Asker: 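Before I ask anything, here is the structure I am working with.
Keep in mind that the numbers below use all heavy atoms, side chains included, and drop hydrogens, waters and symmetry copies. If you're wondering where the values come from, they're calculated on a predicted model, not measured in any experiment.
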Amino acid sequence: MLRLTLADNAIELYENIPVNLSYQFADLQNINSSRSSFSQTFRVPLTKKNQDYFGAVNELGLIPTWNPKTKVAAELSYNTIPLIRGFAQVKGIYIQKGKYADVEIALFGETANLSQDVGNDMLTDLDFSAFDHDITATALEASWAGTLFSGQIRYGLPDKGQNWTAANIWTSAVPLEHGDFTPYMRIATILDTILTEAGYTYDSTFLSTGAVDMYMPLYNGQLMPASNDVSGANLLLVGLNSDLTGLSAHPTFTDLTAWSDTSSFFDEGNNFTSSTTFTVPYRAFYRFRVNIYGRTDHASGDQVSMRLTKNGSEMWLFIDDVLSQDFNDITHALLSDNFLLDAGDTVTMQYVFSSSGHSMTLDGDGTVSNLTTWWQVPYISSVASGGNINVTENMPEIKQIDFISGIQKCFNLVFIPDRHNASHLQIEPFTDYLASGSQKDWTNKIDLSKDISVKPTTDLQKRRYDWTHTNGKDVVNDYVLKSASRVYGRYRVEDPDNEFAAGEQKTTSPFAPHVVSLIPQTGYAVHRMLVNTTEANKIIKQPLPRLAFWNGLEAGDLYYQNDDQTATITAATYPAFSQYSDLYATVTDADFSFGSEPPFHLIEAYPLNTLYYKYWRPWANELYSADARLMTAFFKLTRSELAIFEFSDKIYIKDSYWRILSMSFDATSEDLVKVELVKVLGDIRDCTYLPTGIDKANGRIQFSTVAGATVTQVPRSCCERYGFRYDGNTSYCFQPFGQ
C-alpha cells in the first residue's frame, strides 16, 4: 500500500492512479543542479481529510492557507518501505463538474535542497569567530607545528604586494612583521562550517583524512590580515581654517601649528593634539596624503622644503628644495608609500626656507579642495603585529555554494543524502564512492521479453572536454594566460576520430592556480600574489580564492618580530605552500593542477596524480572510451530491493559489471523497473607504461609495465603523455630542463 505524508500529515491517495518515480545519479555529483530524484506529477483527491491540510483550495474566491512558494517536507513509502524523501510542490488545483477537486503534486528528492539551503550567502557571512586569534610569533610557530587550532590554520608567506626581491627581502635588521604572513585555513574546516550553518552533517573519509594538508589562503586584497582592531576609526584629515601667513623658518625645519580637525576636517580616533601632532594608535602600515597650495613673497629664487616627521626625524620629504617659481600658486598633491609606525609614534608636518628674511603663505578657508592646504591619513592597515585576527573578514570574496561547487569540481565529489536523514550527507570522490558499493547479480532479474538497448556513448560525447581553474590575475598566472592563451594547469581531452562528436564541455573551478615561483634573485619559493605593474601598489584587488598544499618548513633563513616586537627571531626554515603535495615534487606526489604544467621552481619530476588523473579519469573513461556502453532494460525488482540499492552498487549482468544511472517505476505496484546503466570499465590504464618514480642517479623516469615490472625505456607516446622529455636515441625519459 502506498502512503504519502506532507509535513507529517497523512494524505489520502487514489487507489489506481500511478505515481511514477525516477531516481537520478547525476545530481549526486552536481550540487548546483536542479535535477534530483523526482516523481511525475500526480493527483490526490480533495477529500475532507485532505482539505483539512490543504484548506478550501476549491473555493475560487478564498486564499488558501498553504503557500505555493514554500517547500513542504514529504515522504512516499510502499508497505512501510521508504521510496522517496524530500519535499513536495503543489502544481495546481483541478475542479471537475464544479463539484470535485484534485490537488496536483510533484515530489523531489532531498539532494536538490543543498544549493537552496546554502543559498547565495558569501563566505564572509559565516561565523568563524571561534578561530579568531592574536597574530604573534607564538601563534605563527604553533601553526607551523600544527597545534594552532589542531592544524586547521597554518601561516604561509605569499607575496601579497610587498614585491620582495633580493634587494628588499627580510633581514635581521628589517625583520618580517607578523602581518606579512598569511593565514591558510583547511578546506575541510571551511566546508564543515558552511554545511553546519546550513543545517547539514556529513561523513567523509576524504575530508577527514585525505584532505588534511589542503588549505585555502585567507586573503581578500589587504596588505595585512584583517583584524578586530578597526583601522577606520583612526583615520584623520586636518587642514587650515584660514590663510596661514608669515611663515619664515630658516635654516631648520619647523612644525606647522595651525591645523584644525573640526568642521570640514575630522579626527576619528582623537589622535591629533596641539594643532600639530598625530599620535599613532597602534603598530601598522600608514599612508599619508598632502595637498599644499600657497606662495612665497618672492616670484623666484627661494627654495621651499616640506616633510612629515616621525618622532622629530624626517620620515617623508615630499617637497625638496622646490624653487619659488615652481611652488607659487601650484597645487602639490602627493600620496606617500606605506610607513610602518609603532603605537605612540608622533607625526608632524614641517617646512623650511633656503633664505632668511623671506616668508611663505599657505591658503586655507576651512574646506578641502585643490586650492587649499590640508593633509590626511587615508589608509591604515590592519595591525602589522600583535593584533587579533578576524578570520571571517579575511575570507576571499566567493559565495558559499560556489566554494562547495568548486571543491566538487576539483575532486569530482558526490553528495549522497542518508536514506533516513536527508540532512546527513556522505561526501566522497566519485572513484572512492563507487569503490564502496556492493556487487549484485541481476542476471536473472532482467526481463528478456522487453527490448534491451545497448548503445555506445558516441552520441553523448563532445569533441572536446576541458578541466580548468580560473585565471588569478597575478604575475605568473597572467604570464601563462598571455603566452599560452589558457589558464595554468588546464587539461584537455579531444577525440578527432569521433566524427559524430560535436561541441565542447568545460569544467571550471572558481579557484585560481596557487603557482609557486622564486622571489627574484633568491632561493625562496613562494606564491607571488601580486599584479605585474610598474606602479608602487601591486596588490591584487578582489583576489580569487586559491587552493594549496601545506608543504611544511623548508630550508631558508627567516627573520621575524618576536611577540612584543622588541627583538628579531632568527629561524633556518620558512613555511611553504604550493600546488604540489611536496614543494620539490616527484612522480608519486599530488598536483592541484588538472594537467601537468612546467613549474616555476625546480622539482624532481611532474607528479602523476593531477586532479584529472586521480579524480576525473575513471569518469571520463566510462564516457569516452571506445568500449563505453549504455544499457537500458527492464528488471524485476521488489520495492525492498529498490529501498536498499545504492548508486555505488556494481550490477553484474551476464558477463560484465554495470552501474546505475537512473531508475523509473510506478510506486503503486510491484511492476517492472526501467533502469539505465553504464558499463564499468575498471581502472583503464592511461598508457601501457605508467610513470612511478625517478632514478636520481641518472635522472631517468621510471615506469611500470602491465605486469608490474619497472623499466626506463618506453615508447615516446607514454613519455610525452605525462609531460616528460623523450630521448629518441636511447628511449629514455627525463624531466624537462625548462622549469
Asker: Does atom CD of Q325 have more than 12 heavy-atom neighbours, drawn from other residues, nucleotides or ligands, at distances under 6.0 Å?
Answerer: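 Buried by this count: over 12 neighbours within 6.0 Å.
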Asker: Mind jotting down which residue pairs meet the side chain to side chain donor-acceptor pair (under 3.5 Å) criterion with at least one end in residues 179-193? Sequence neighbours excluded, please.
Answerer: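 Listed once each, the pairs are Q152-T189, K160-T182, Q162-D180, Y184-H514, R186-Y215, D192-Y202.
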Asker: With side-chain contact (heavy atoms from CB on, under 4.5 Å) as the test, would you mind laying out the steps for T570 and L558 before giving the verdict?
Answerer: CA-CA 6 Å; T570 302; L558 188 67; over 6 Å; no
Asker: Going through the distances and angles, do M395 and M185 end up as a side-chain contact (heavy atoms from CB on, under 4.5 Å)?
Answerer: CA-CA 10 Å; M395 287 289 163; M185 178 170 273; 3.9 Å; yes
Asker: Working to the nearest 0.5 Å, report the span between CZ of F549 and CG of L583.
Answerer: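 Here the rounded value is 12.5 Å.
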Asker: Parallel, tilted or perpendicular for F594 and H469, by the 30°/60° rule?
Answerer: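 Answer is tilted, since the angle falls between 30° and 60°.
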Asker: Between S509 and I407, is there a side-chain heavy-atom distance shorter than 4.5 Å?
Answerer: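 Heavy-atom side-chain distance check fails, nothing below 4.5 Å.
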Asker: Can you tell me if E268 uses its side chain to pair, donor with acceptor, with the backbone of L236 under 3.5 Å?
Answerer: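 No: the side chain of E268 does not pair with the backbone of L236.
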Asker: Per the ring-ring contact (aromatic ring centres under 6.0 Å, His included) rule, what does the pair list look like for residues 146-179, sequence neighbours excluded?
Answerer: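 Pairs touching residues 146-179 that pass the test: F131-F149, H133-F149, H133-Y155, W164-W170, W170-Y524.
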Asker: Which distance, rounded to the nearest 0.5 Å, do you find between the OG1 of T296 and the NE2 of H358?
Answerer: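 Nearest 0.5 Å value for the OG1-NE2 distance: 8.5 Å.
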Asker: Using the benzene-type ring in the case of Trp, are the ring centres of H332 and F318 under 6.0 Å apart?
Answerer: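 When the ring centroids of H332 and F318 are compared, they turn out to be at least 6.0 Å apart.
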Asker: As an exercise, state the distance from CZ of F403 to CE of M216, rounded to the nearest 0.5 Å.
Answerer: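 Spacing of CZ (F403) from CE (M216) equals 5.5 Å.
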Asker: Which atom pair, heavy atoms only, marks the closest approach of V383 to A284?
Answerer: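 Heavy-atom minimum between the residues: CA-CB, 4.4 Å.
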Asker: Just by distance, do the side chain of D121 and the backbone of D125 share a donor-acceptor pair under 3.5 Å?
Answerer: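 Checking the backbone N and O of D125 against the side chain of D121, no donor-acceptor pair under 3.5 Å is found.
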Asker: Taking everything shown except Y479 itself, do over 12 heavy atoms lie less than 6.0 Å from its OH?
Answerer: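 No, the 6.0 Å shell around OH holds no more than 12 heavy atoms from other groups.
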Asker: In chain order, what residues pass the side chain to side chain contact (heavy atoms under 4.5 Å, CB included) check against K310, with sequence neighbours excluded?
Answerer: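 M315, L341, D345.
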Asker: On a heavy-atom basis, which atom in N562 and which in Q565 lie closest, and how many Å separate them?
Answerer: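 Here N562 and Q565 meet closest at OD1-N, 2.9 Å.
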Asker: Looking only at the aromatic ring of each residue, does the gap between the centers of W316 and Y286 stay below 6.0 angstrom?
Answerer: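 Centroid distance Y286-W316: not below 6.0 Å, so no.
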Asker: Does S336 have any side chain to side chain donor-acceptor pair (under 3.5 Å) partners at least two apart in sequence or in another chain, and if so, which?
Answerer: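 Here no residue qualifies.
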Asker: Mark yes or no for whether Q735, through its side chain, and Y606, through its backbone, hold a donor-acceptor pair below 3.5 Å.
Answerer: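 Checked: pair present.
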Asker: Do N388 and D134 have a side chain donor and acceptor closer than 3.5 Å?
Answerer: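 Checked: N388/D134 side chains pair up, N/O donor to acceptor below 3.5 Å.
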Asker: Between N477 (side chain) and P513 (backbone), is there a donor-acceptor pair under 3.5 Å?
Answerer: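 At least one qualifying donor-acceptor pair exists.
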Asker: Can you check side-chain contact (heavy atoms from CB on, under 4.5 Å) on V174 and Y559, steps first, answer last?
Answerer: CA-CA 8 Å; V174 185; Y559 304 96; over 6 Å; no
Asker: When you compare the side chain of E197 with that of D127, does any pair of heavy atoms fall below 4.5 Å?
Answerer: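 Heavy-atom side-chain distance check passes, below 4.5 Å.
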Asker: Does the T277 side chain pair with the main chain of F272, one donor and one acceptor, at a distance under 3.5 Å?
Answerer: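 A pair under 3.5 Å: no.
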Asker: Answer with yes or no whether the side chains of N390 and S227 bring together a donor and an acceptor at under 3.5 Å.
Answerer: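 Judged by distance alone, the side chains do not pair up.
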Asker: F511 pairs by side-chain contact (heavy atoms from CB on, under 4.5 Å) with which of L547, T470, L544?
Answerer: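 Running side-chain contact (heavy atoms from CB on, under 4.5 Å) over L547, T470, L544 with F511 returns exactly one hit, L547.
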Asker: Measure across P225 and G179 and return the closest heavy-atom pair with its distance rounded to 0.1 Å.
Answerer: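 Shortest heavy-atom separation between P225 and G179 comes out as CD-O, 3.1 Å.
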Asker: In terms of side-chain heavy atoms, does S385 have a donor or acceptor partner in E177 at a distance below 3.5 Å?
Answerer: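 Side-chain D/A pair, S385 to E177: present.
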Asker: Sequence neighbours left out, what passes side chain to side chain donor-acceptor pair (under 3.5 Å) with S274? Give chain and number order.
Answerer: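 Per chain and number, S274 pairs via side chain to side chain donor-acceptor pair (under 3.5 Å) with no residue.
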Asker: Is the backbone N or O of M122 less than 3.5 Å from a side-chain atom of Q400, with the two atoms forming a donor-acceptor pair by type?
Answerer: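 Yes.
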Asker: Using a distance-only test with no angle check, is there a side-chain donor-acceptor pair under 3.5 angstrom linking N271 and N234?
Answerer: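 Note: N271 and N234 side chains meet the donor-acceptor criterion.
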Asker: Should the pair W550 and F577 be assigned to parallel (<30°), tilted (30 to 60°) or perpendicular (>60°) ring geometry?
Answerer: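 Because their plane-to-plane angle lies in the 30° to 60° range, the rings of W550 and F577 count as tilted.
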Asker: Hey, could you give me the CH2/CZ distance between W259 and F265, rounded to the nearest 0.5 Å?
Answerer: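 Result: 9.0 Å between the selected atoms.
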Asker: Knowing that exactly one of D243, D326, D363, D302 qualifies, which makes a salt bridge (charged side-chain N to carboxylate O under 4.0 Å, His left out) with R295?
Answerer: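 For R295, the salt bridge (charged side-chain N to carboxylate O under 4.0 Å, His left out) test succeeds with only one of D243, D326, D363, D302, which is D363.
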Asker: Starting from the C-alpha separation in whole Å, work towards a yes-or-no answer on salt bridge (Lys or Arg N to Asp or Glu O under 4.0 Å) for D402 and K409.
Answerer: CA-CA 10 Å; D402 290 342; K409 290 174 180 177; over 6 Å; no
Asker: Over all heavy atoms of both residues, which pair between I319 and V304 is shortest? Give the atoms and the distance, please.
Answerer: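 Taking I319 first and V304 second, the nearest heavy atoms are CG2-O, 3.4 Å.
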Asker: Testing the 3.5 Å rule here: is there a donor-acceptor pair between the side chains of H298 and S324?
Answerer: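 Their side chains do not contain a donor-acceptor pair, so the 3.5 Å distance test is not met.
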Asker: Would the distance check show the side chain of T136 and the main-chain N or O of A139 forming a donor-acceptor pair, the cut-off being under 3.5 Å?
Answerer: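 Confirmed, T136 side chain pairs with A139 backbone.
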Asker: Can you name the nearest heavy-atom pair linking S264 to G366, along with the distance?
Answerer: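 That closest heavy-atom pairing would be OG-O, 2.8 Å.
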Asker: Donor-acceptor pairs are to be reported for all side-chain atoms of residues 244-257 against protein atoms at under 3.5 Å, with residues two or more places apart or in another chain.
Answerer:
unit_1, atom_1, unit_2, atom_2, d
H250, ND1, F353, O, 2.8
T254, OG1, T252, O, 3.4
D255, OD1, T348, OG1, 3.2
D255, OD1, Q350, NE2, 2.8

Asker: Can you name the nearest heavy-atom pair linking F288 to V377, along with the distance?
Answerer: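 Residues F288 and V377, closest heavy atoms: CE2-CG2, 3.5 Å.
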Asker: Under a plain distance cut-off of 3.5 Å, with no hydrogens placed, do T138 and D563 share a side-chain donor-acceptor pair?
Answerer: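 A pair is found: one side chain offers a donor N or O, the other an acceptor, under 3.5 Å apart.
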Asker: Using only atom types and a distance under 3.5 Å, with no angle test, would you say the side chain of Y574 pairs donor to acceptor with the backbone of A525?
Answerer: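 Present.
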Asker: Can E597 and R490 be counted as an ion pair, charged N to O under 4.0 angstrom?
Answerer: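 No, this pair does not count.
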Asker: Determine whether a donor-acceptor pair (N or O, by modelled atom type, separation under 3.5 Å) exists between the side chain of T372 and the backbone of S369.
Answerer: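 Yes, because the side chain of T372 sits within donor-acceptor range (under 3.5 Å) of the backbone of S369.
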Asker: How long is the straight-line distance from CD of E393 back to CG of N220, given to the nearest 0.5 Å?
Answerer: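 N220 atom CG to E393 atom CD measures 8.5 Å (nearest 0.5 Å).
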Asker: Just by distance, no angles: are the side chains of T367 and D365 close enough, under 3.5 Å, to form a donor-acceptor pair?
Answerer: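 Per modelled atom types, T367 and D365 side chains form a pair under 3.5 Å.
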Asker: Please report the C-alpha distance between Y219 and H527 in whole Å, then the side-chain angles of each, then the deciding distance to 0.1 Å, and finally whether the side-chain contact (heavy atoms from CB on, under 4.5 Å) criterion is met.
Answerer: CA-CA 12 Å; Y219 177 67; H527 180 45; over 6 Å; no
Asker: Regarding D478 and N532, is there a side-chain donor-to-acceptor distance under 3.5 Å anywhere?
Answerer: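 Absent: no donor and acceptor within the cut-off.
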Asker: Say you draw a straight line from OG of S581 to CG of N551; how long is it, rounded to the nearest 0.5 Å?
Answerer: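 One gets 7.5 Å once the value is rounded to the nearest 0.5 Å.
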Asker: Hey, is the main chain of M224 close enough, under 3.5 Å, to the side chain of S381 for a donor-acceptor pair?
Answerer: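 Flag not set: sc S381 to bb M224 has no pair under 3.5 Å.
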Asker: Would you please test W375 and F278 for ring-ring contact (aromatic ring centres under 6.0 Å, His included) and show each step?
Answerer: CA-CA 11 Å; W375 62 284; F278 171 66; 7.3 Å; no
